[in-house]
There are 2 protein chains.
Amino acid sequence: MTDAAADTPTPPPTSPWERERPARARVAPVRAPLSRERIVEAAFIVLDRQGLDGLSMRQVAAELGVTVSALYAHVSSKDDLLELMYTRLFTGFAMPAPDPERWREQLRDFARSVRQRLLSHRDMARISMAHVPFTAELLPHVEALLAVFRTAGLPDRIAAEAGDLISTYIDGFVLEEGMWQDRAAQLGGGDSSMARPDWREMAGDMQDYFASLPAKDFPHLRALAGLMVTDSSDERFDIGLEIILRGLASYLPEPAADGGPDAPGAPDAPRPPDAT
Amino acid sequence: MTDAAADTPTPPPTSPWERERPARARVAPVRAPLSRERIVEAAFIVLDRQGLDGLSMRQVAAELGVTVSALYAHVSSKDDLLELMYTRLFTGFAMPAPDPERWREQLRDFARSVRQRLLSHRDMARISMAHVPFTAELLPHVEALLAVFRTAGLPDRIAAEAGDLISTYIDGFVLEEGMWQDRAAQLGGGDSSMARPDWREMAGDMQDYFASLPAKDFPHLRALAGLMVTDSSDERFDIGLEIILRGLASYLPEPAADGGPDAPGAPDAPRPPDAT
DNA sequence: CTCACCGGCAGAACGCTGTTCATTAAGATA
DNA sequence: TATCTTAATGAACAGCGTTCTGCCGGTGAG
């Protein structure tokens with residue numbers, strides 16, 4: 001504070017327009033010491049903005065106002081970060097307590113909730129597809145799912161596959177949803193706010209394309225064009241899910257004459273979504 | 001040939017040590033003019049050797065003894081090349097003529113054949129997952145699949161989803177197979193010839209891990225550990241497939257008492273793979 | 001109070017990627 | 001023989017994941 005002040009002249013009193021960063025606030029606002037959680041958080045922001053192909057370590061670092069190498073002090077690799085994002089997507093996910101009388105509804109709710117979580121971040125199904133839920137944080141979820149299957153009365157060999165089957169279905173369905181969405185956005189233009197109308201337009205184009213196929217060679221494709229490309233994917237998701245649930249139900253012993261009106265087990269007893 | 005020869009002086013007679021390329025035979029042996037087909041072929045070689053992550057345009061070019069930019073005269077982008085590989089994997093795939101009495105067997109054969117094709121090239125399920133079979137070359141296959149569903153008697157809304165459901169299942173299953181295989185190889189060491197013993201060892205480790213979980217918290221996971229990680233994936237594949245087929249069968253009208261011993265339609269009539 | 005330490009971040013660098021550009025060599029055509 | 005077309009080259013650009021070295025500020029010991 002003596003003559004040393006000549007070497008480091010006291011900066012002029014911070015001018016009003018940059019008053020908001022008084023103490024060493026150039027890049028790192030001194031707060032938030034860059035934890036794993038903050039990195040994951042920033043990664044989700046970049047993911048939603050630029051998609052999985054645009055999710056680079058440099059972009060995540062830029063989102064945090066930090067250099068790339070700083071990330072590697074908390075995250076060992078990009079794969080590590082992706083795995084963190086995958087597990088964080090499903091932590092806190094409420095699993096049902098197994099109820100043998102409601103296992104179909106429980107699985108329906110489960111599947112729909114998983115799909116919603118996957119849809120809550122762009123390209124999340126692609127990330128989910130590349131990972132296996134056998135990490136320590138996600139094992140309880142697998143256990144809870146198995147519990148639903150087994151207490152419902154499914155044979156062990158069926159229960160062992162059912163979880164994979166349903167999870168694969170959800171991931172694959174949402175993945176495909178995202179692909180169509182991307183294709184529509186890319187076809188229409190870069191503006192992401194235009195995704196909606198472009199999607200509807202593209203669905204119409206697809207139906208027109210199917211309808212334009214030679215009737216002699218593609219009778220079934222023409223007949224089902226209106227069903228394969230629909231406005232809302234919710235119905236399609238439920239139908240595929242119902243096929244799986246009915247397949248599982250076929251492995252239950254026949255309800256032994258105690259059958260209430262909602263007795264599970266009979267493969268044709270539970271009402272289909274709307275299979276006229 | 002007048003004084004213009006001074007501008008382009010005739011090169012000295014090729015010195016003896018570079019005599020081996022008398023007529024433009026340095027890299028391209030003048031034969032095989034680098035068609036799309038040849039590029040795809042080389043891409044498959046690189047894919048099998050280095051996996052999808054090691055499949056770069058430069059590697060493909062090197063495999064052909066050609067520079068990168070030469071590829072772009074025949075292929076518009078890497079995505080284009082991947083799509084070419086995807087469609088070529090399934091061109092020439094024999095689809096069954098729909099037979100209402102054998103639709104389950106036909107679908108089983110179909111699914112197993114598709115799985116074998118996916119397994120015939122490394123990481124092929126990852127490529128398949130990223131594409132939709134709605135290209136001109138693959139549309140007949142979709143049509144044939146729909147024909148099987150509809151002539152079997154499935155409602156249209158079910159038939160429209162069944163193709164996606166089965167395809168997604170196959171892709172997802174093989175994808176997961178490959179993931180475990182990669183993880184085992186990567187854990188054991190880079191030597192690809194060691195893949196087999198490492199896989200078995202890893203399956204044992206997984207089972208041990210499941211068995212070591214606290215019995216109080218993971219009873220079902222412990223009970224099914226031996227079924228979820230098996231030596232051969234063939235059984236598991238068939239079981240998941242059978243669940244789907246039974247689910248589809250549940251949408252058929254009850255067989256009207258004409259039933260032979262192999263009558264399709266009854267969801268519990270066809271024998272499960274081995275669901276004790 | 002001083003000094004050494006040490007963790008967390010910056011900056012630069014390496015080798016790789018997909019893609020584009022101008023250039024060149026060779027064959028075909030007139 | 002002169003021109004045109006084709007196909008491949010080599011260099012370049014921007015970006016990627018990852019690693020290494022060095023700085024800088026806060027902390028505990030003497």
Side-chain angles (χ1 to χ4, degrees), chain A residues 1-2 4 7-8 23-39 42-43 46-47 49-85 127 130 186, chain B residues 1-5 7-11 14 18 21-39 42-43 46-47 50-85 127 130 186:
Chain A
M1 264 185 213
T2 62
D7 294 342
T8 62
R24 186 219 180 209
R26 179 156 138 267
V27 283
V30 125
R31 305 284 162 235
L34 191 56
S35 64
R36 277 168 86 90
E37 201 56 36
R38 265 177 36 91
I39 293 180
V46 176
L47 179 71
R49 188 174 51 216
Q50 315 186 223
L52 181 57
D53 295 329
L55 175 64
S56 70
M57 299 297 280
R58 284 177 163 84
Q59 291 290 330
V60 175
E63 181 67 31
L64 290 164
V66 145
T67 51
V68 211
S69 52
L71 302 180
Y72 284 88
H74 306 265
V75 159
S76 68
S77 70
K78 187 183 181 182
D79 280 337
D80 188 24
L81 174 55
L82 289 176
E83 188 173 321
L84 250 52
M85 297 174 74
I127 299 180
Q186 163 186 356
Chain B
M1 215 185 252
T2 64
D3 52 354
D7 293 340
T8 62
T10 58
T14 54
E18 58 184 7
R21 42 181 171 122
R24 186 215 181 213
R26 179 156 138 264
V27 282
V30 126
R31 305 282 162 236
L34 191 55
S35 64
R36 275 169 87 90
E37 201 55 36
R38 262 177 39 89
I39 293 180
V46 175
L47 180 70
Q50 315 185 226
L52 181 58
D53 295 329
L55 175 64
S56 70
M57 299 298 278
R58 282 176 164 84
Q59 291 290 329
V60 174
E63 182 66 30
L64 290 164
V66 144
T67 50
V68 211
S69 49
L71 303 180
Y72 284 88
H74 305 264
V75 160
S76 69
S77 69
K78 187 184 181 181
D79 279 336
D80 187 24
L81 174 55
L82 290 176
E83 187 172 322
L84 250 51
M85 298 173 74
I127 299 180
Q186 162 186 356

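This structure is a prediction, so every number in the text was calculated from the model and none was measured. Per chain, numbering begins at 1; letters A, B, ... match sequence-line order.
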Q: Kindly indicate, with the supporting measurements, whether the criterion side-chain contact (heavy atoms from CB on, under 4.5 Å) is fulfilled by B:Lys78 and B:Val60.
A: CA-CA 11 Å; B:Lys78 187 184 181 181; B:Val60 174; over 6 Å; no
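- Whole-Å rounding puts the B:Gln59 CD to C:dC16 P distance at 9 Å.
- Residue contacts shown for B:Ala73 are absent, as no nucleic acid heavy atom lies under 4.0 Å away.
- The separation between A:Met57 atom CE and C:dG11 atom P is 18 Å, rounded to whole Å.
- Atom CZ in B:Arg38 sits about 14 Å away from atom P in D:dA7, given to the nearest Å.
- Residue B:His74 has a polar side-chain atom (N or O) positioned under 4.0 Å from OP1 or OP2 of D:dA8.
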Q) Do B:Leu64 and B:Leu71 pass the side-chain contact (heavy atoms from CB on, under 4.5 Å) test, and can you show the C-alpha distance, the side-chain angles, and the key distance before you say yes or no? A) CA-CA 10 Å; B:Leu64 290 164; B:Leu71 303 180; 4.0 Å; yes
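- Contact detail for A:Arg58 and A:Val68: the closest heavy-atom pair is CG-CG2, 3.7 Å.
- One N or O donor and one acceptor, one from the side chain of A:Arg58 and one from the base of D:dG17, sit under 3.5 Å apart.
- Following rounding to the nearest Å, B:Gln50 (CD) and C:dC16 (C1') show an atom-to-atom distance of 13 Å.
- Here D:dG10 presents its P atom at 17 Å from OH of B:Tyr72, a figure rounded to the nearest Å.
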(Q) A:Leu84 vs A:Ile39, test: side-chain contact (heavy atoms from CB on, under 4.5 Å). Steps then yes/no. (A) CA-CA 10 Å; A:Leu84 250 52; A:Ile39 293 180; over 6 Å; no
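- Distance from the side chain of A:Ala70 is smallest to C:dC9 among D:dG10, C:dC9, D:dT18.
- B:Asp79 has its CG atom 12 Å from the C1' atom of C:dT19, to the nearest Å.
- Looking at the side chain of A:Ser69, the nearest of the listed nucleotides C:dT17, C:dA10, C:dC9 is C:dA10.
- Residue B:Leu55 is in sugar-phosphate contact alone, with no base atom involved, counting any heavy-atom pair closer than 4.0 Å across all strands shown.
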**Q.** CA sep, side-chain torsions, deciding dist, call: A:Arg38, A:Val66, side-chain contact (heavy atoms from CB on, under 4.5 Å)
**A.** CA-CA 12 Å; A:Arg38 265 177 36 91; A:Val66 145; 5.8 Å; no
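- The side chain of A:Lys78 lies closest to D:dT18 when the candidates are D:dT18, D:dG10, D:dA8.
- Using a 4.0 Å heavy-atom distance criterion, B:Ser56 is classed as a sugar-phosphate-only contact.
- In this structure, the CG atom of A:Asp80 is 14 Å from the P atom of D:dG17, given to the nearest Å.
- For B:Thr67 and D:dA8, a side-chain-to-base donor-acceptor distance below 3.5 Å is absent, hydrogens and geometry of angles not being considered.
- The nearest whole Å value for the distance from the CZ atom in A:Arg36 to the C1' atom in C:dG8 is 16 Å.
- Taking the side chain of B:Val66 as heavy atoms from C-beta on, and the options C:dG11, D:dT9, C:dT19, the nearest nucleotide is D:dT9.
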